[in-house]
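All remarks here apply to the structure that follows.
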Amino acid sequence: MVAIAPSLLAADFSDLGREVAKIEEADMLHVDIMDGHFVPNLSIGPAVVAALRKKTELVFDVHLMLERPLPYIKIFREAGADIITFHVECQDPPEALIEAIRASGAKPGVALGPKTPVSAIGSWGAELAQATIMTVEPGFGGQKMIPEPLEKIFQLKARFPGILVEIDGGVNLETAPLCKAAGADILVAGTSVFRAEDPRLEMRCLAL
Ligand code: DX5
Ligand code: ZN
């Protein structure tokens with residue numbers, strides 16, 4: 001069965017503790033970190049992640065949309081990250097990032113922008129626990145899914161057996177079946193879960 005990772009970006013930022021309580025039965029919480037350089041938006045920093053860590057047992061799936069993530073790996077791990085994902089398009093070397101993530105005790109993941117091919121991942125991909133395929137241009141929630149990148153699920157699994165593939169961007173009740181049919185393991189869903197009248201029901205329907 002597919003795992004559901006609601007994206008905090010679509011939650012009510014004035015009441016995050018209560019928002020996270022609504023999705024306690026999710027498989028993990030997806031946390032988007034943006035630096036205003038790698039993507040044209042800013043989101044939250046480690047202080048918010050640390051504050052939420054005290055409120056929930058959920059696995060924290062931290063998606064770093066940072067130009068230079070290396071100095072922040074340990075900081076986000078100490079704030080409570082369980083999985084730390086960097087972008088293959090960032091400016092730090094992937095081998096050093098994976099080593100830092102593993103040394104911190106978190107699981108490493110890589111994210112690919114919608115136009116970035118699987119071939120951008122070198123042999124270091126064998127060290128990854130997870131790969132995130134972006135189905136929108138990173139930076140903002142609430143965008144429409146670009147379906148073409150879903151082809152990369154098969155390519156990733158063929159190259160890296162055992163890797164978990166996450167789909168991020170524009171996942172909703174209409175697009176989730178496409179992702180599942182293409183072999184996705186984890187669906188990130190921001191707007192569809194947090195803006196639903198009943199987030200629990202929405203998560204169950206997405207997983208069906
Ligand atoms: C976009 C983020 C996504 C985003 C998904 O840069 O990485 O995680 O929050 O939001 P929805 O589900 O609303 O497309
Ligand atoms: Zn994300």
Side-chain angles (χ1 to χ4, degrees), residues 2-13 16 19-20 22-23 26-46 48-49 52 58-67 69 72 76 79 81-90 101 106-116 128-150 152-153 164-180 184-197 199 201-203 205-207:
V2 76
I4 304 298
S7 169
L8 191 67
L9 198 60
D12 175 354
F13 275 27
L16 286 180
E19 289 285 84
V20 169
K22 286 185 195 166
I23 54 104
D27 299 286
M28 50 179 98
L29 177 69
H30 185 84
V31 185
D32 289 306
I33 310 294
M34 304 178 182
D35 67 354
H37 294 277
F38 185 76
V39 289
N41 196 7
L42 294 160
S43 59
I44 58 165
V48 177
V49 178
L52 283 172
L58 277 165
V59 169
F60 282 3
D61 175 35
V62 174
H63 177 189
L64 300 180
M65 282 161 273
L66 307 180
E67 192 83 44
Y72 296 98
F76 278 102
D82 298 291
I83 302 156
I84 300 182
T85 291
F86 61 89
H87 267 264
V88 72
E89 306 89 353
C90 81
I101 296 167
K107 290 184 182 167
V110 74
L112 298 176
K115 296 186 199 81
T116 304
L128 298 167
Q130 198 169 296
T132 299
I133 297 175
M134 299 298 306
T135 41
V136 296
E137 284 298 339
F140 299 91
Q143 304 183 73
K144 193 173 178 299
M145 179 179 284
I146 309 164
E148 287 77 12
L150 294 174
K152 290 186 265 188
I153 301 176
L164 294 175
V165 181
E166 175 174 82
I167 301 301
D168 187 5
V171 173
N172 55 34
L173 293 179
E174 200 180 309
T175 57
L178 291 175
C179 305
K180 288 180 275 187
D185 299 295
I186 306 159
L187 302 182
V188 173
T191 308
S192 100
V193 169
F194 279 109
R195 306 286 163 92
E197 208 173 300
L201 180 62
E202 185 81 6
M203 288 193 293
C205 294
L206 285 169

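Whatever order the structure lists them in is the order used to number ligands and atoms, beginning at 1. All values below were derived from every heavy atom in this structure, side-chain atoms included, with hydrogens, water molecules and symmetry-related copies excluded. This one's a predicted model, so the numbers in the text were calculated from it and none came from an experiment.
Protein residues with a heavy atom under 4.0 Å from ligand 1 are Ser7, Leu9, His30, Asp32, Met34, His63, Met65, Met134, Pro138, Gly139, Phe140, Gly141, Gly142, Asp168, Gly169, Gly170, Val188, Ala189, Gly190, Thr191.
Two residues are said to be in side-chain contact when any heavy atoms from C-beta on lie closer than 4.5 Å; Val171 and Val188 fail this criterion. Two residues are said to be in side-chain contact when any heavy atoms from C-beta on lie closer than 4.5 Å; His30 and His63 meet this criterion. Looking at heavy atoms from C-beta onward, Thr116 lies out of side-chain contact with His87 at the 4.5 angstrom threshold. Looking at Leu8 and Val20, their side chains come closer than 4.5 Å, going by heavy atoms from C-beta outward.
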Practice item. Begin from the C-alpha positions of Val31 and Asp61 and carry the test side-chain contact (heavy atoms from CB on, under 4.5 Å) through to its verdict. Key: CA-CA 6 Å; Val31 185; Asp61 175 35; over 6 Å; no
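In summary, Lys115 and Glu137 engage in a salt bridge, as defined by a charged side-chain N under 4.0 Å from a carboxylate O.
For Asp185, the salt bridge (charged side-chain N to carboxylate O under 4.0 Å, His left out) test picks out Lys157, with sequence neighbours left out. Applying the salt bridge (charged side-chain N to carboxylate O under 4.0 Å, His left out) rule to Lys180 yields no partners; only residues at least two apart in sequence or on another chain are considered.
For a distance threshold of 2.8 Å, the protein N, O or S atoms nearer than that to the Zn ion (ligand 2), listed by chain and number, are His30 NE2, Asp32 OD1, His63 ND1, Asp168 OD2.
Residue Tyr72 qualifies as open at atom OH: its count of foreign heavy atoms under 6.0 Å is 12 or below.
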